[in-house]
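These numbers were taken from a predicted model, which means no experiment stands behind them. Numbers here are sequence positions counted from 1.
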Amino acid sequence: QGCNASGTAETQTINLNGHNILANSKMFTVSNIEFNGGTKEYLSNGGALNLTAGITELNNVSFKNCKASNNGGAIYKSGGELKLNSVTFSGCTAGNYGGALYVSGATVTSSGTVSFTSCSATRGGAVYIASGDVHLDRMQESSCTAATIMSSQASGPAVYLDSTGTKLYLGSSAKLNDAVYVAAGTKIAVVSALANTIKLQCIFSSTLPYTMTTPAIGATVLEGSGYT
């Protein structure tokens, strides 16, 4: 029915030593834990946590130097809901998409700051959203990178929004030092007046080795109010 993992009042460290945790319970809760290191297996997803349908809640949790050879350097979330309450990601990497967090068909909510520092991937250096609604109202991102095969490629070093209907929610205290890639049919929803500049990418080149989509000229990629 459910599973809980909790440290004491002081955060406890779990050294994964090249492994990850697969969770498919209806309710999975983790509190006061630091995950260090992650899987290095061939085409692996989720360097620390590979989460399928169900509700996962993370409270005061940090991920350091986690690595997935495929998607989701720290967390791979497919379906269900992910609740992030004061969570940090640093030095996490993915061989393909989502240096820290990969989301597919899931809803992500957050309270408190969710921060991403020095994470990297081919696309979505910090976060890659294949599909779903992701609420990171107080997201903090710095020094995250995504691969650039050629100068015209948009790779979303902060966040990569992939497919139609995908939406990223940002609030007034969100601070992203790097760019968000916005594909055709995706949007950034502004839930309260932005205090910091958000850089957008929506570049298309037919010479790229794989398909990229871009909003049509004049398309609306932002919704809400409190931005110019």
Validation row: Leu51, Ile75 side chains within 4.5 angstrom (heavy atoms): yes
Side chain to side chain donor-acceptor pair (under 3.5 Å) between Ser44 and Ser69, worked out: CA-CA 5 Å; Ser44 61; Ser69 58; 3.1 Å; yes
Non-hydrogen atoms of Thr164 and Ala184 that approach each other most closely: OG1-O, 3.5 Å
side-chain contact (heavy atoms from CB on, under 4.5 Å) between Leu82 and Leu58, intermediate numbers included: CA-CA 8 Å; Leu82 175 62; Leu58 305 181; 4.3 Å; yes
Test item: Thr186 and Asp162 side chains (from C-beta on) under 4.5 Å apart, heavy atoms: no
Ser118: partners by side chain to side chain contact (heavy atoms under 4.5 Å, CB included), with sequence neighbours left out: Ser143
Side-chain touch Val180/Ile198, heavy atoms, less than 4.5 angstrom: yes
Residue pair Gln201 / Pro157, side-chain heavy-atom distance below 4.5 Å: yes
The single option from Tyr181, Tyr102, Tyr76 passing ring-ring contact (aromatic ring centres under 6.0 Å, His included) against Tyr128: Tyr102
Asn59/Asn32 under side-chain contact (heavy atoms from CB on, under 4.5 Å): CA gap, chis, key distance, verdict: CA-CA 6 Å; Asn59 305 301; Asn32 304 322; 5.9 Å; no
Polar contact flag, side-chain donor to acceptor under 3.5 angstrom, Asn50-Asn45: no
Step-by-step side-chain contact (heavy atoms from CB on, under 4.5 Å) determination, Leu168 to Val159: CA-CA 9 Å; Leu168 171 66; Val159 183; 4.1 Å; yes
Asp137: side chain to side chain contact (heavy atoms under 4.5 Å, CB included) partners, not counting sequence neighbours: His135, Tyr169, Val191
Flag side-chain contact, heavy atom, 4.5 Å: Phe28 against Leu49: yes
Pair Lys64-Glu34, salt bridge (Lys or Arg N to Asp or Glu O under 4.0 Å): steps then yes or no: CA-CA 7 Å; Lys64 294 184 178 180; Glu34 176 186 297; 3.5 Å; yes
From OG1 (Thr113) to CZ (Arg138), nearest 0.5 Å: 4.0 Å
Check: Leu176 and Lys199 side chains under 4.5 Å, non-hydrogen atoms: no
Close side-chain approach of Leu200 and Ile188, heavy atoms under 4.5 Å: yes
Asn85 and Ser111 side chains, donor-acceptor separation under 3.5 Å: yes
Taking every non-hydrogen atom, the tightest pair across Ala126 and Cys144: CB-SG, 3.9 Å
Straight-line distance of Ser155 OG to Asp178 CG, nearest 0.5 Å: 10.0 Å
Side-chain donor-acceptor contact under 3.5 Å, Thr117 with Ser90: no
Partners passing ring-ring contact (aromatic ring centres under 6.0 Å, His included) against Phe89 (at least two apart in sequence or in another chain): Phe63, Phe116
From Asn71, Ile129, Asn70, residue fulfilling side chain to side chain contact (heavy atoms under 4.5 Å, CB included) relative to Tyr97: Asn71
side-chain contact (heavy atoms from CB on, under 4.5 Å) assessment of Met139 paired with Val114: CA-CA 5 Å; Met139 177 179 177; Val114 180; 5.5 Å; no
Glu81 side chain reached by Glu57 side chain, heavy atoms, under 4.5 Å: no
